[in-house]
Amino acid sequence: FWLTPEAGRFLLDQIGSEIPGDDVAAIERGLTASIPDKTEREAVVRSRVGQGTFREELEKLWGGRCCVTGVSHPRLLRASHIKPWRDSNNAERLDPYNGLLLQPSYDAAFDAGLITFEASGVIVISPRFADADLHSLAISKAAHIDPKPPNLPYLEYHRSHVFQAE
């Protein structure tokens, strides 16, 4: 059956380096090992695919708009984890304060560590991000967000572990 790229990445993250003979069994083993509670496991899967609680909570938190640009068309918004999914525990994966609602170019740059945000909300741009690319993607050097206090530890993690400072 067809999976979204996010769902596929989630499943691959869960089975790790295991090379399954039986793909379904390997996926079930990976999910069961990492998330023992069935209800929580189902919630995590729904949130990762983008259909569940995480996205809904981000939409509420950010008023249904990109927290940088204000774009409001739902199909143009991504529910982006600040502390990456692979580095987060189950509670952090579902925590809406570990998320930004972003339009695609900001989401891609943020996930790639080419931009981040200070605790004040001011954008920080990696020296690896060429001015021409910033311009082409319409990423503003004056961009900012309005982080909530619970966002701050996640933003610190992003600045320290994801952002490409050099």
In short, F54 meets P96 closest at the heavy-atom pair CE1-CA, 4.1 Å
Identify every side-chain donor-acceptor pair in residues 103-113 under 3.5 Å, counting partners at least two apart or on other chains, and give the distances.
residue: Q103; atom: OE1; partner: S105; partner atom: N; Å: 3.0
residue: Q103; atom: OE1; partner: S105; partner atom: OG; Å: 3.1
residue: Q103; atom: NE2; partner: S105; partner atom: OG; Å: 3.1
residue: S105; atom: OG; partner: L137; partner atom: O; Å: 3.2
residue: Y106; atom: OH; partner: S140; partner atom: N; Å: 2.9
residue: D107; atom: OD1; partner: S80; partner atom: OG; Å: 2.9
residue: D111; atom: OD1; partner: S80; partner atom: OG; Å: 3.1

Those residues at least two apart in sequence (or on a different chain) that pass side chain to side chain donor-acceptor pair (under 3.5 Å) with Y154 are D95
Taking C-beta and beyond as the side chain, do I115 and S126 meet within less than 4.5 Å on heavy atoms? no
Output all residues satisfying side chain to side chain contact (heavy atoms under 4.5 Å, CB included) with S120, sequence neighbours left out; order by chain, then residue number. E118, V122
Any chance you could measure N98, atom CG, to K83, atom NZ, to the nearest 0.5 Å? 7.5 Å
Mind checking whether L114 and I125 have side chains closer than 4.5 Å, heavy atoms only? no
If you round to the nearest 0.5 Å, how far is CG of L152 from CZ of R159? 7.5 Å
Could you walk me through whether L134 and F129 pass the side-chain contact (heavy atoms from CB on, under 4.5 Å) test, one step at a time? CA-CA 7 Å; L134 282 170; F129 207 178; 3.5 Å; yes
Contacts of type ring pair (Phe, Tyr, Trp, His ring centres under 6.0 Å), residue Y157, not counting sequence neighbours: H161
Closest contact, heavy atoms only, P153 versus P149: CD-O, 3.7 Å
Under the rule for side chain to side chain contact (heavy atoms under 4.5 Å, CB included), what residues qualify as partners of E59, not counting sequence neighbours? R55, L101
Linked, directly or transitively: F163 and F117 (ILVMFWY side chains, under 4.5 Å): no
Minimal non-hydrogen separation, L155 against P147, with atom names: CD1-CB, 3.8 Å
Side chain to side chain donor-acceptor pair (under 3.5 Å) against D133, all qualifying residues, sequence neighbours excluded: none
Go through the structure and list residues passing side chain to side chain donor-acceptor pair (under 3.5 Å) with R65, not counting sequence neighbours. none
To the nearest 0.5 Å, what is the distance between CD1 (I145) and CD1 (I123)? 9.5 Å
Option passing side chain to side chain donor-acceptor pair (under 3.5 Å) with T116 (candidates Q164, E156, H158): H158
Can you pull the salt bridge (Lys or Arg N to Asp or Glu O under 4.0 Å) pairs that have at least one residue in residues 135-146, sequence neighbours excluded? D131-K141
Check whether E92 reaches the backbone of N89 with its side chain - one donor and one acceptor, N or O, closer than 3.5 Å. yes
Between side-chain atoms of residues 68-77 and protein atoms elsewhere (two or more places apart, or another chain), which donor-acceptor pairs fall under 3.5 Å?
residue: T69; atom: OG1; partner: V71; partner atom: N; Å: 3.2
residue: H73; atom: ND1; partner: R75; partner atom: N; Å: 3.2

In the single-linkage hydrophobic clustering (I, L, V, M, F, W, Y; side-chain heavy atoms under 4.5 Å), do L61 and L100 co-cluster? yes
Give the intermediate values and the outcome of side-chain contact (heavy atoms from CB on, under 4.5 Å) for residues L94 and T53. CA-CA 7 Å; L94 296 172; T53 306; 5.6 Å; no
Least distance between heavy atoms, W62 atom then C67 atom: CE3-CB, 3.3 Å
Considering residues at least two apart in sequence or located in another chain, which fulfil the salt bridge (charged side-chain N to carboxylate O under 4.0 Å, His left out) criterion with K148? none
